[in-house]
Amino acid sequence: MTVSLRVPEELSARIPAEQRGPGLDRDAVRLLVSRGTEVSHHAFGELPRVLRSGDLLVVNTSETLAAAVDGRIGHGDVVVHFSTRGDDGRWAVELRDPDERGTTRARAGGSAGTEVRLPGGVRLVLEEPLSAGSERLWWARVGRVRGAGGAGLEERADNPGAVILGLMREHGRPIRYSYTERDQPLSVYRTVFALPSADGTGSAEMPSAARPFTVRMVTELVSRGVQFAPITLHTGVASAEAQEPPYPERFAVSEASARLINAVQAGDGRVVAVGTTAVRAVESAAGADGVVRAHEGWTDLVVTPERGVRVVDGLLTGLHEPQASHLLMLEAVAGRAAIDRSYEAALRGLYLWHEFGDVHLILPADNPHSAHCSSNRR
């Protein structure tokens with residue numbers, strides 16, 4: 001990314017599009033379209049005319065959770081951001097300090113054995129950092145206070161997953177950061193594609209690239225021959241300050257979606273991922289031959305320009321901070337020169353950043369399958 005790029009604070013989208021004026025809906029955002037280094041400007045409502053019959057949109061169905069819960073450490077207030085539920089019943093959490101604007105700021109590290117008191121007698125005990133070299137996210141054991149007097153922590157809650165999901169439903173709120181204006185209801189942070197999962201899990205933060213879609217828009221796209229392939233990837237808590245690379249996340253690509261993606265690849269359509277989460281899921285399910293196979297589990301894949309993409313021809317995504325690790329994924333899809341050119345155009349055009357902001361559609365400059373047959377298949 002161009003080293004001189006700086007996103008002015010006034011380009012942060014502080015409220016959702018539908019709250020900016022009467023009669024507006026989620027789709028009242030702008031659409032920056034880049035084909036190679038060529039850039040054009042559109043309203044998001046023009047998407048059905050920018051795409052073409054036979055194209056395929058890969059969409060993330062993960063449902064956003066009310067993953068921010070107030071707690072206490074000793075005599076001090078803390079906000080817990082629940083990120084990811086582990087297979088062993090523990091949760092990966094980020095502890096943050098509340099600020100005077102109703103949001104949070106980064107908290108300096110943590111230490112094993114730290115106990116966090118939460119509503120309803122729920123307790124967390126930090127056990128170990130999620131990844132070496134970073135103490136932002138910790139694996140935490142879930143317990144409950146014994147008896148009415150609260151004398152000590154049980155070794156483990158009977159069903160820690162259900163305990164935390166119930167805690168979120170009763171006491172949680174959506175995670176938000178200081179560039180937003182105010183708290184919003186959970187429905188604002190869920191996309192039109194969101195579906196509840198069988199086990200109640202979901203995303204700590206909204207898969208926001210799909211936020212501008214409405215039922216009306218989906219209907220028009222289908223009527224024009226654009227298809228949809230649902231996948232699921234439960235997003236964890238982003239690194240708002242340090243912009244760390246993504247860590248392992250749960251994902252699932254069904255047999256039906258795998259078949260549809262492979263069929264479009266074999267034909268004349270383009271596979272366009274809606275969001276970086278969709279890229280990560282699809283590329284994680286693809287073999288070295290570029291064939292997508294049904295898969296469910298954890299992915300630690302980091303898509304970089306060196307690795308390239310094997311499946312995705314295009315990407316619909318939000319605008320990312322210049323230091324964000326997600327930009328490496330964008331460069332893997334389009335190349336460094338194309339991303340630099342489009343972000344310079346976004347700044348000149350006063351596009352809005354972040355989850356309530358405008359969106360960027362990256363399309364190939366030439367036949368998409370020529371790329372798949374050469375350098376991108378690694």
Side-chain angles (χ1 to χ4, degrees), residues 51 54-63 84-87 191 193-199 201-203 207 209-210 221-222 225-236 245-317 325-326 328-334 362-364 367-378:
L51 298 175
D55 285 345
L56 176 69
L57 293 175
V58 181
V59 295
N60 189 356
T61 64
S62 182
E63 189 174 67
T84 305
R85 185 168 74 174
D87 292 335
T191 75
F193 304 110
L195 295 170
S197 62
D199 62 359
T201 53
S203 288
L221 286 164
V222 171
V226 175
Q227 303 180 84
F228 289 83
I231 58 86
T232 301
L233 186 139
H234 296 316
T235 67
Y247 51 86
E249 295 168 314
R250 287 182 181 273
F251 81 104
V253 176
S254 69
E255 181 65 39
S257 289
R259 285 199 305 268
L260 185 53
I261 293 167
N262 292 332
V264 170
Q265 271 201 297
D268 296 327
R270 298 170 294 187
V271 177
V272 179
V274 178
T276 56
T277 61
V279 176
R280 194 180 200 197
V282 169
E283 293 291 328
S284 297
D289 56 1
V291 175
V292 178
R293 297 171 177 86
H295 193 88
E296 183 173 356
W298 292 87
T299 177
D300 59 1
L301 175 66
V302 179
V303 178
T304 64
E306 292 73 29
R307 189 267 187 188
V309 289
R310 297 168 177 169
V311 179
V312 171
D313 299 309
L315 171 60
L316 180 71
T317 183
S325 59
H326 286 120
L328 293 175
M329 182 184 290
L330 273 61
E331 290 179 20
V333 175
I362 301 168
L363 292 173
N367 187 312
H369 302 300
S370 65
H372 286 320
C373 295
S374 56
S375 61
N376 276 6
R377 279 217 171 148
R378 304 184 181 188

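This chain uses plain numbering: 1 for the first residue, then up along the sequence.
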_Quick test of your reading: applying ring-ring contact (aromatic ring centres under 6.0 Å, His included), list the pairs with at least one residue in residues 269-308, sequence neighbours left out, ordered by first then second residue._
F251-H295
*Give the minimum heavy-atom separation between A281 and V253, together with the two atoms involved.*
O-CG2, 3.8 Å
*Kindly give the heavy-atom pair with the smallest separation between V333 and D313, and that separation in Å.*
CG1-O, 4.1 Å
_So, taking the atom named CD in E296 and the one named CD in E255, what distance separates them when rounded to the nearest 0.5 Å?_
13.0 Å
*Can you find a heavy atom in the side chain of V303 that is under 4.5 Å from one in the side chain of R310?*
no
_Working to the nearest 0.5 angstrom, can you tell me the gap between I362 CD1 and L315 CG?_
4.5 Å
*Please tell me if the side chains of T84 and H234 come closer than 4.5 Å, counting only heavy atoms from C-beta onward.*
no
*For residues P248 and D300, report the shortest heavy-atom separation together with the two atoms involved.*
CG-CB, 3.9 Å
_Quick check against the 3.5 Å criterion: does T61 have a side-chain atom that pairs as donor or acceptor with the backbone of I231?_
yes
*How many angstroms lie between CD in E249 and OG1 in T235, if you round to the nearest 0.5 Å?*
6.5 Å
*Kindly give the heavy-atom pair with the smallest separation between A278 and A273, and that separation in Å.*
CB-CB, 3.9 Å
*Heavy-atom closest contact (A229 atom, L56 atom, distance)*: N-CD1, 3.7 Å
_As an exercise, state the distance from CE of M329 to CG of L301, rounded to the nearest 0.5 Å._
7.0 Å
*Sub-4.5 Å side-chain heavy-atom contact between R270 and V264*: no
*Output yes when a side-chain donor or acceptor of Q265 lies under 3.5 Å from a complementary backbone atom of V291, and no otherwise.*
no
*Given side chain to side chain contact (heavy atoms under 4.5 Å, CB included), test L233 with T299 step by step and report yes or no.*
CA-CA 9 Å; L233 186 139; T299 177; 4.2 Å; yes
_N60-S62 side chain donor-acceptor pair, cut-off 3.5 Å_ = no
*Any side-chain heavy atom of D199 within less than 4.5 Å of one from R85?*
yes
_Separation of L221 CG from D55 CG (nearest 0.5 Å)_ = 10.0 Å
*Do V58 and V279 come close enough that some side-chain heavy atom pair is under 4.5 Å?*
no
_Backbone of P230 reached by a side-chain donor or acceptor of S257 within 3.5 Å_ = yes
*Reported CG-to-CG distance for the pair L316 and L51, which is rounded to 0.5 angstrom*: 8.5 Å
_Q227 versus L260, closest heavy-atom pair with distance_ = OE1-CD1, 3.3 Å
*Passes side chain to side chain contact (heavy atoms under 4.5 Å, CB included), D87 versus R250? Steps please.*
CA-CA 10 Å; D87 292 335; R250 287 182 181 273; 2.5 Å; yes
